[in-house]
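Protein chains get the first letters and strands the later ones, always in sequence-line order, with residue 1 at the start of each.
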Amino acid sequence: MRLTDTLRFARDAATGYPMRTTLSVLAMSIGVAAVVILTALGDGARRYVVGQFSSLGTNLVIVLPGRSGTGGFNPANAITTTPRDLTIDDAGSLRRLPTVRRVAPLAVGTSEIAFGGKLREVMVAGSTAEFIPIRNFTVAQGQALPEEDWNRGSSVAVIGAKIREEMFGANPAIGQLVRVGDRRLRVIGVLGSTGQGLGMNTDELVIVPVSLAQAMFNSNTLFRILIEANNRDAIPGAKEQVMETLKQRHRGEEDVTVITQDAVLATFDKLLGALTLAVAGIAAISLAVAGILVMNVMLVAVTQRTGEIGLLKALGATSRSIRLAFLAEAAMLSAVGALVGYLLGQLGAFALRQFFPVFPAYPPDWAVIAGLSTALATGLIFGVMPARRAARLDPVQALMKH
Amino acid sequence: MALIELSGIERRFLLGDTTVHALAGLNLQIAAGEYVAVMGPSGSGKSTLLNLLGLLDRPNEGTYKLEGRDVTTLSPDEQATVRSTRIGFVFQSFHLVPRLTAAENIALPMTLAGIPAAERNKRVALALQDFGLENRADHKPDQLSGGQRQRVAIARATIMQPPLILADEPTGNLDRHTGEEVVNLLEALNAKGVTLIVVTHDQGMGARARRQLVMEDGRLKSDSTAADISNLGKISG
Ligand SMILES: Nc1ncnc2c1ncn2[C@@H]1O[C@H](COP(=O)(O)OP(=O)(O)OP(=O)(O)O)[C@@H](O)[C@H]1O
Ligand SMILES: [Mg+2]
């Protein structure tokens, strides 16, 4: 049989039985669409959780002054009674490390803020421009701290949402001069409200340049240095490099403590693993359902046509021609079914995203590929296998099923 | 040399734990150009015999030589070639492909044999004319009468110009008048030299053949050629 004739024969067979063809395509597309939509849901849930966690500030390495008990007893440290200060310059030196993306020194204390006769106690965080991105805070109005020499802070402040509300009410806050402790500072920004999120509540915080805060609290040491590593894999390296750099700057003494978000990250890892497994499980089940659906429709369809295969053999068709004709037909049905299913699935995922905008319901690529190839493979295998079997029968046996 | 030569053909079917001897120790020779009617009671093995002759089935024992070649030992593909080029089969229930038009059904054996479309169209047009189906070329089988369907089936069986036509009760599903037409068509083919073997229950139709085989329980009960010979013997003796 010629190739064009085989293709035409297959096409006519597919269009000649609209019911059967519709069922096959439907089964195939439902299977694929189920895989696409369900994995979009599962992966959307995973991404949602990942998003929540990264709002905490991920890839953090934190430096604390002083030697904490974690490293065990070290005679070198025992000699030093007072630990060396953790200075702004220490923080600045860490900026050059290759595994580090951002560094923010942090000095904290409590003070009071006054404006227009109103007075209240506040938590003051002295830091730099990068503090806000490291902690994933947002600036709702105005701007963050300016990029400037860390040792020469300008007299500006970024205030929390609740403080803005209490001090300024409906009046504009940006550009106003407030008194914080004994300083007069210009309000340049207002933080976005964090509310009752997973992260730290910034609503009652005032952020000022780090050098200003140190002067205000009359202290030379930092409370923390916050470091954001390039990525999660870089965290251990960053921790080591930070420790090494500070040790060198402190004459070889390990008088600081470097911690990572190990505990958080471990939980995070477990959760991610479980979610990924859940998504894979969902995909596997949908794939199995899709496969069985396709398999049954194809089996029934081809079995119904055993008689036709017998006739073709009686008319002189070789087994090869018959196999090729059924292969072409199964390929056409599978391709159309898989395509329709893919489109339906993407449409469903799109609808999900429209209804639940916080939920990033995108199907993962691997699930789409697995769904499509499973449908195509089962469609082909179960479209061709019964045809092969029928083609091996003696024509009279196949004909009797006509 | 005989066109068909059967010797010691056995065809058994297992039904549960009993064995049915559909054909038992059958020996038969048919020469090229003969017109043979196969008759006998239901279940006597007529269809089984015709299926064997058409290579739609294989015997459990015995040899079948077609045009001097033992065809029982051929590979499936070689058998397909023999079916394609040497044998035309006409079934009682027509066996047309319902989704194909009359013309496409007639062309099917050529399509399967890989004959180019131009050649196919030429031959189909001729066949449609020969069988009085010019106006039915684009009709699907369910839009045709029984007689028209069987004419399409005969056109299909002859389109590869095989030397042997096998017809299993070709008029079984037709009324007397259309049956008559179909038989005339088959006899016209035989008149052109095609060997024709027809299974029939109809005594009248059987009588029109030049040779009658009567079967019973898978055996040849009588063969008119052999009878002629014995008659000849009686006359001479
Ligand atoms: N596939 C089969 N399986 C089991 N038994 C079969 C099969 N085909 C035929 N037979 C048996 O073989 C015997 C001969 O059957 P066959 O169809 O050749 O008879 P027939 O002479 O054509 O009868 P009819 O005139 O009714 O068509 C019967 O007893 C039948 O039951
Ligand atoms: Mg019969």
Side-chain angles (χ1 to χ4, degrees), chain A residues 1-24 301-302 304-329 332-333 387-402, chain B residues 11 13 22 47-59 75-101 104-117 119-120 140-142 153 156-157 159-160 162 166 168:
Chain A
M1 208 165 164
R2 288 161 177 260
L3 182 64
T4 48
D5 286 330
T6 302
L7 292 178
R8 219 164 52 128
F9 187 85
R11 186 202 62 197
D12 290 349
T15 52
Y17 302 96
M19 184 69 181
R20 185 179 68 81
T21 301
T22 313
L23 270 180
S24 320
V302 178
Q304 273 177 347
R305 282 170 62 200
T306 305
E308 182 184 320
I309 292 174
L311 174 66
L312 294 178
K313 289 203 77 171
L315 296 180
T318 56
S319 303
R320 194 181 118 85
S321 309
I322 293 171
R323 282 200 307 269
L324 280 178
F326 275 80
L327 181 72
E329 190 183 337
M332 288 175 190
L333 291 184
R388 287 181 75 102
R389 211 171 343 118
R392 272 202 298 270
L393 290 175
D394 280 325
V396 70
Q397 284 170 283
L399 261 174
M400 276 192 335
K401 294 172 183 162
H402 205 289
Chain B
R11 183 68 176 101
F13 293 104
S47 295
T48 309
L49 172 62
L50 216 65
N51 290 339
L52 275 177
L53 292 177
L55 292 183
L56 306 184
D57 197 6
R58 21 173 132 234
S75 74
D77 277 0
E78 290 168 328
Q79 290 199 338
T81 311
V82 173
R83 282 195 292 268
S84 168
T85 57
R86 314 309 298 162
I87 302 167
F89 214 106
V90 179
F91 304 90
Q92 176 177 357
S93 50
F94 321 131
H95 281 330
L96 301 178
V97 180
R99 65 170 179 276
L100 300 182
T101 63
E104 288 169 333
N105 265 292
I106 295 172
L108 193 51
M110 294 191 288
T111 311
L112 292 171
I115 292 174
E119 171 73 12
R120 292 201 305 252
K140 297 273 171 70
D142 58 3
R156 182 179 67 186
I159 200 76
M160 294 289 289
L166 305 170
D168 191 351

(message) B:L108 vs A:F9, test: side-chain contact (heavy atoms from CB on, under 4.5 Å). Steps then yes/no.
(response) CA-CA 10 Å; B:L108 193 51; A:F9 187 85; 4.1 Å; yes
(message) Please classify the contact of B:R86 with chain A as side chain, backbone, both or neither, using a heavy-atom distance under 4.5 Å.
(response) neither
(request) Evaluate the side-chain proximity of A:Y17 to B:P98: yes if any heavy-atom separation is below 4.5 Å, no if none is. (result) yes
(request) Report the option among A:T4, A:L315, A:T6, A:D12 that has the most heavy-atom pairs separated by less than 4.5 Å from atoms of chain B. (result) A:L315
(request) With a 4.5 angstrom heavy-atom cut-off, could you sort out which part of B:N51 is near chain A: side chain, backbone, both or neither? (result) side chain
(request) Could you tell me which portion of A:A13 (side chain, backbone, both or neither) has an atom closer than 4.5 angstrom to a non-hydrogen atom of chain B? (result) both
(message) Is B:I87 in contact with chain A via its backbone, its side chain, both, or neither, using a 4.5 Å heavy-atom distance?
(response) neither
(request) Under 4.5 Å, counting heavy-atom pairs only, tell me which of A:A314, A:S321, A:S319 racks up the most with chain B. (result) A:A314
(request) Could you tell me whether a side-chain N or O of A:R2 sits under 3.5 Å from a main-chain N or O of B:G114, the two making a donor and an acceptor? (result) yes
(message) Using side-chain heavy atoms (C-beta onward) and a distance below 4.5 Å, is B:I115 in contact with A:M1?
(response) no
(message) I need the B:R99 CZ to A:T15 OG1 distance, nearest 0.5 Å.
(response) 8.0 Å
(request) Give the minimum heavy-atom separation between A:T318 and B:A80, together with the two atoms involved. (result) CG2-CB, 3.9 Å
(message) Taking A:K313's backbone N and O only, do any of them form a donor-acceptor pair with B:R83's side chain (distance below 3.5 Å, no angle check)?
(response) yes
(request) Examine whether an atom of A:L312 lies under 4.5 Å from a heavy atom of chain B, and if so say whether it belongs to the side chain, the backbone or both; otherwise answer neither. (result) both
(request) Heavy-atom distances under 4.5 Å only: say whether A:R8 touches chain B with side chain, backbone, both or neither. (result) side chain
(request) Using a cut-off of under 4.5 Å on heavy-atom pairs, state which of A:G310, A:G16, A:A317 scores highest against chain B. (result) A:A317
(request) Using the side-chain contact (heavy atoms from CB on, under 4.5 Å) rule, take A:L311 and B:F91 through it: C-alpha gap first, then chi angles, then the decisive distance, then the call. (result) CA-CA 10 Å; A:L311 174 66; B:F91 304 90; 4.1 Å; yes
